[in-house]
Amino acid sequence: MRLILVGAPGSGKGTQAKLLSERLHLAHIGTGDILRDAVSHGTPTGKLAEPYVVSGRLVPDDLVNEVVADRFRRDDRPERFLLDGYPRTVAQAAALDAVLRQQFLDLTAVIYLKVDDDEIIRRLKARGRADDQVETVRKRLNEYCQNTMELIPYYRRQGLLREVVGQGDIETIYQNILKALKSQAGPPC
Ligand code: AMP
């Protein structure tokens, strides 16, 4: 199984990514974690990514595309994986398509975890503490609306999109994801 998980900050994406990867034995490829790790180790990628990561802006496509492509070109490339936090733009999605085609790997599905805007804001407010964190969260939400939402029609056209309501308890949402994975994609329009 080869999955992409898409959801706004505060959608519960991180929790479901952990459950899916553990229970379905998928390699969890989280670009946020990879980039944060690179920043904390001061690698060349980390130095380039740092100003973006600390301020909650998207890292330039070329840089994050290279990080992911590198992961798939290694000898221990994952065959079964869950991508979490990537792609976040249509340009990234196109780059990923090219890498997967090169590696003869097809995507199984793209899970879109949908949560009402009001609920997202309520959850993020409950999480935020210092003002700078609130500001970072606000920037991340704006980025999400401006860029990541474009992925929805992109993957719908490919017949890969599975929409799942991200409200309710964690286990129910997980079971809804499994159900959505068993279902066929709806019509592309
Ligand atoms: P996340 O934990 O997924 O929210 O990612 C944390 C930060 O890493 C983001 O705010 C971005 O600065 C950066 N980042 C992670 N994934 C991507 C991506 N696919 N494209 C651009 N920037 C990313």
Side-chain angles (χ1 to χ4, degrees), residues 2-22 26-73 77-78 81-100 105 107 110-115 117 119-121 123-155 160-161 166 177:
R2 293 186 274 272
L3 303 176
I4 294 176
L5 188 55
V6 178
S11 64
K13 182 168 67 69
T15 307
Q16 294 299 328
K18 193 164 178 292
L19 285 183
L20 284 160
S21 53
E22 280 172 10
L26 307 175
H28 179 191
I29 305 175
T31 45
D33 291 339
I34 296 172
L35 290 168
R36 271 188 294 273
D37 199 50
V39 170
S40 68
H41 285 92
T43 66
T45 299
K47 286 191 179 125
L48 291 171
E50 187 167 12
Y52 300 93
V53 173
V54 295
S55 64
R57 284 174 298 142
L58 288 188
V59 168
D61 287 336
D62 288 352
L63 186 61
V64 70
N65 286 340
E66 201 41 49
V67 165
V68 173
D70 187 57
R71 186 75 189 78
F72 282 102
R73 287 195 205 111
R77 67 166 201 173
F81 58 82
L82 173 81
L83 277 167
D84 168 16
Y86 181 91
R88 265 190 166 78
T89 64
V90 167
Q92 292 179 15
L96 176 66
D97 283 348
V99 168
L100 294 181
L105 296 172
L107 283 171
V110 176
I111 302 157
Y112 171 33
L113 209 51
K114 276 176 83 166
V115 178
D117 289 353
E119 174 65 12
I120 292 270
I121 288 163
R123 290 185 195 177
L124 292 174
K125 275 192 180 151
R127 270 195 211 169
R129 273 175 230 114
D131 279 351
D132 60 338
Q133 282 174 327
V134 173
E135 181 59 13
T136 302
V137 163
R138 196 185 58 75
K139 277 200 196 129
R140 289 175 64 203
L141 263 182
N142 279 345
E143 290 271 25
Y144 177 79
C145 292
Q146 281 168 22
N147 299 296
T148 309
M149 289 309 283
E150 298 170 4
L151 294 176
I152 306 306
Y154 181 90
Y155 285 121
L160 289 170
L161 196 74
I177 292 176

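The chain is numbered in sequence order, starting from 1. Counting starts at 1 for both ligands and their atoms, in listed order.
Legend: residues meeting salt bridge (Lys or Arg N to Asp or Glu O under 4.0 Å) with Glu66, ordered by chain and number and at least two apart, are Arg73. Judged as a salt bridge (Lys or Arg N to Asp or Glu O under 4.0 Å), and not counting sequence neighbours, the contacts of Lys18 are Glu22.
A salt bridge (charged side-chain N to carboxylate O under 4.0 Å, His left out) check over residues 81-90, counting only residues at least two apart or in different chains, returns the pairs Lys13-Asp84.
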Please tabulate protein-ligand N/O pairs under 3.5 Å for ligand 1, atom names and distances to 0.1 Å.
{"unit_1": "ligand 1", "atom_1": "2 (O)", "unit_2": "Arg36", "atom_2": "NH1", "d": "3.0"}
{"unit_1": "ligand 1", "atom_1": "2 (O)", "unit_2": "Arg36", "atom_2": "NH2", "d": "3.1"}
{"unit_1": "ligand 1", "atom_1": "3 (O)", "unit_2": "Arg88", "atom_2": "NH1", "d": "3.2"}
{"unit_1": "ligand 1", "atom_1": "3 (O)", "unit_2": "Arg88", "atom_2": "NH2", "d": "3.2"}
{"unit_1": "ligand 1", "atom_1": "4 (O)", "unit_2": "Arg88", "atom_2": "NH2", "d": "2.9"}
{"unit_1": "ligand 1", "atom_1": "4 (O)", "unit_2": "Arg140", "atom_2": "NH2", "d": "2.6"}
{"unit_1": "ligand 1", "atom_1": "12 (O)", "unit_2": "Arg57", "atom_2": "O", "d": "2.6"}
{"unit_1": "ligand 1", "atom_1": "16 (N)", "unit_2": "Thr31", "atom_2": "OG1", "d": "2.8"}
{"unit_1": "ligand 1", "atom_1": "16 (N)", "unit_2": "Gly85", "atom_2": "O", "d": "3.4"}
{"unit_1": "ligand 1", "atom_1": "16 (N)", "unit_2": "Arg88", "atom_2": "NH1", "d": "3.0"}
{"unit_1": "ligand 1", "atom_1": "19 (N)", "unit_2": "Gly85", "atom_2": "O", "d": "2.9"}
{"unit_1": "ligand 1", "atom_1": "19 (N)", "unit_2": "Gln92", "atom_2": "OE1", "d": "3.0"}
{"unit_1": "ligand 1", "atom_1": "20 (N)", "unit_2": "Gln92", "atom_2": "NE2", "d": "2.9"}
{"unit_1": "ligand 1", "atom_1": "22 (N)", "unit_2": "Val59", "atom_2": "N", "d": "3.0"}

Show your working on side-chain contact (heavy atoms from CB on, under 4.5 Å) between Tyr112 and Met149 and close with a plain yes or no. CA-CA 10 Å; Tyr112 171 33; Met149 289 309 283; 3.2 Å; yes

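Taken from CD1 in Ile4 to CD1 in Ile29, the straight-line distance is 10.5 Å, to the nearest 0.5 Å.
The only member of Asn147, Leu96, Val6 that meets side chain to side chain contact (heavy atoms under 4.5 Å, CB included) when paired with Pro87 is Leu96.
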